[in-house]
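A short worksheet on the structure shown next.
Protein chains get the first letters and strands the later ones, always in sequence-line order, with residue 1 at the start of each.
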There are 2 protein chains.
Amino acid sequence: MPKLGMEPIRRAALVEAAIAEIGAAGTLDVTVSRIARRAGVSSGLAHHYFGSKEQIFLASMRHIQTLFGRRVREELRSADTPRDRLNAIIAASFDPDEFAPEIVSAWLIFYVQAQNSPEARRLLHVYTTRLHSNLVFNLKSLTNDANAHVIASALGALIDGLYIRQALGENRLDRYQTMGLVWDYLDIKLSQGGER
Amino acid sequence: MPKLGMEPIRRAALVEAAIAEIGAAGTLDVTVSRIARRAGVSSGLAHHYFGSKEQIFLASMRHIQTLFGRRVREELRSADTPRDRLNAIIAASFDPDEFAPEIVSAWLIFYVQAQNSPEARRLLHVYTTRLHSNLVFNLKSLTNDANAHVIASALGALIDGLYIRQALGENRLDRYQTMGLVWDYLDIKLSQGGER
DNA sequence: TTCTTGATTGACTCGTCAGTCAATAACCGA
DNA sequence: TCGGTTATTGACTGACGAGTCAATCAAGAA
């Protein structure tokens, strides 16, 4: 067991454990001790590396968003046309893995935190902005700029709304119908003038 | 000061106070004592009437949804055609009052609770179902039944998604552009065949 | 008047937990 | 080998808060 360079290993383990515990609780009502125990370390060490519970949660959220970004890039790799790329972004958002209970919990809690925690808000802003420019970039080769921004805003909101409903079991549609609904919206808006 | 029939008065005051405290905290990390103090009673009384903090929160959420239902019915009163009624429902969802910080906090926390609290989930289900049938009912006179359900699902998700973004300051559009976006979607889908 | 019942209080109990700290161990470079 | 640094523990503190409870008060009923 190496005695040096443990920090990244422990941080990663603690983040994993935090996500799991948050998922199990469905809430931020999770003790640092439990997270630490699950990660196989003492509570003291968790504080040593992260300083506070909030930092552990923020690191967890950063991790989840990194994973999501990775997934988007992966889907994007097999997409050639702008339209394919738009579909890929949408597909990434509705990937079954994104609906794992612990991911859902983290996102919902994250929205709550974003109201008051500046860092959570910043993270949320990064997420929405990235999604938006990703969409706009590809939309711009299919319609005019103003249109691209409006469509991207609508898509972002539609994706988030459908995600939450799906996650909470309030969506009457299955995964494919749900994605179809978004694609359909895109089809319409793109076939509707505003040509490049 | 009447000594009898205080219960409804105190319950209402406690619910009001709870909503205010939740808004101030942005979280469920609110003590029963603080709620009680704001309502002008002792913490004991709050427990006497509600039994637990969770019950206070659920009552608060019920209250917020009642207010929302009221608002919808109000908007509906001045709407004559099915299409006007659809617009009215949308307008109610984006009424500035619905974006008061304490209402936003309550909704976001509510989503978190809906994961695990059966009663919260039930309430959420009532909300989405009511919205859905409200939309479907009016859509059915403008398009066929299957279409009505799909459009209503999309509208519900779109409204929720736009609401959350707006509430968290992540919406690039203002209130009118936001509602316009929803109306535009409706226009398109209704002008798109699937006639009654 | 006396009894019953609803209203109300706030002190108290019993947990819980975030964050601190002092101590120990293990490695590394000089 | 020694001093510095990193890793690690878990006991401890200080605070806080949900829910309980016994007691008081007031009003209407009998």
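Here the CG atom belonging to A/Leu124 is positioned 4.5 Å from the CD atom belonging to B/Glu170, to the nearest 0.5 angstrom.
Look at CD1 on B/Ile35: it is 14 Å from C1' on D/dG19, rounded to the nearest Å. Between the P atom of C/dA25 and the CG atom of A/Leu4 lies a distance of 19 Å, rounded to the nearest Å. If you take CD1 of A/Ile9 and P of D/dT6, they are 16 Å apart, rounded to a whole angstrom.
Between the side chain of A/Asn171 and the main chain of A/Thr178, no donor-acceptor pair closer than 3.5 Å is present. No donor-acceptor pair closer than 3.5 Å links the side chain of B/Arg85 to the backbone N or O of B/Leu76.
In this structure the side chain of B/Leu142 reaches within 4.5 angstrom of the side chain of B/Leu86, judged on heavy atoms.
In this model, a donor atom of one side chain and an acceptor atom of the other lie less than 3.5 Å apart for A/Ser117 and A/Glu54.
Within residues 14-26 of chain A, no residue has any heavy atom closer than 4.0 Å to DNA chain D. For DNA chain C, the residues of residues 40-50 of chain A within the heavy-atom distance limit of 4.0 Å (strictly under) are A/His47, sorted by number.
Ring to ring, B/Phe68 and B/Trp107 are not that close: their centroids are 6.0 angstrom or more apart. Between B/Tyr111 and A/Tyr111, the distance separating the two ring centers is not shorter than 6.0 angstrom.
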| side-chain hydrogen bond (donor to acceptor under 3.5 Å, both in side chains) assessment of B/Asn134 paired with B/Arg130 | CA-CA 6 Å; B/Asn134 235 328; B/Arg130 269 220 250 280; over 6 Å; no
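Taking side-chain N and O atoms only, B/Arg10 has a distance below 4.0 Å to OP1 or OP2 of C/dT8.
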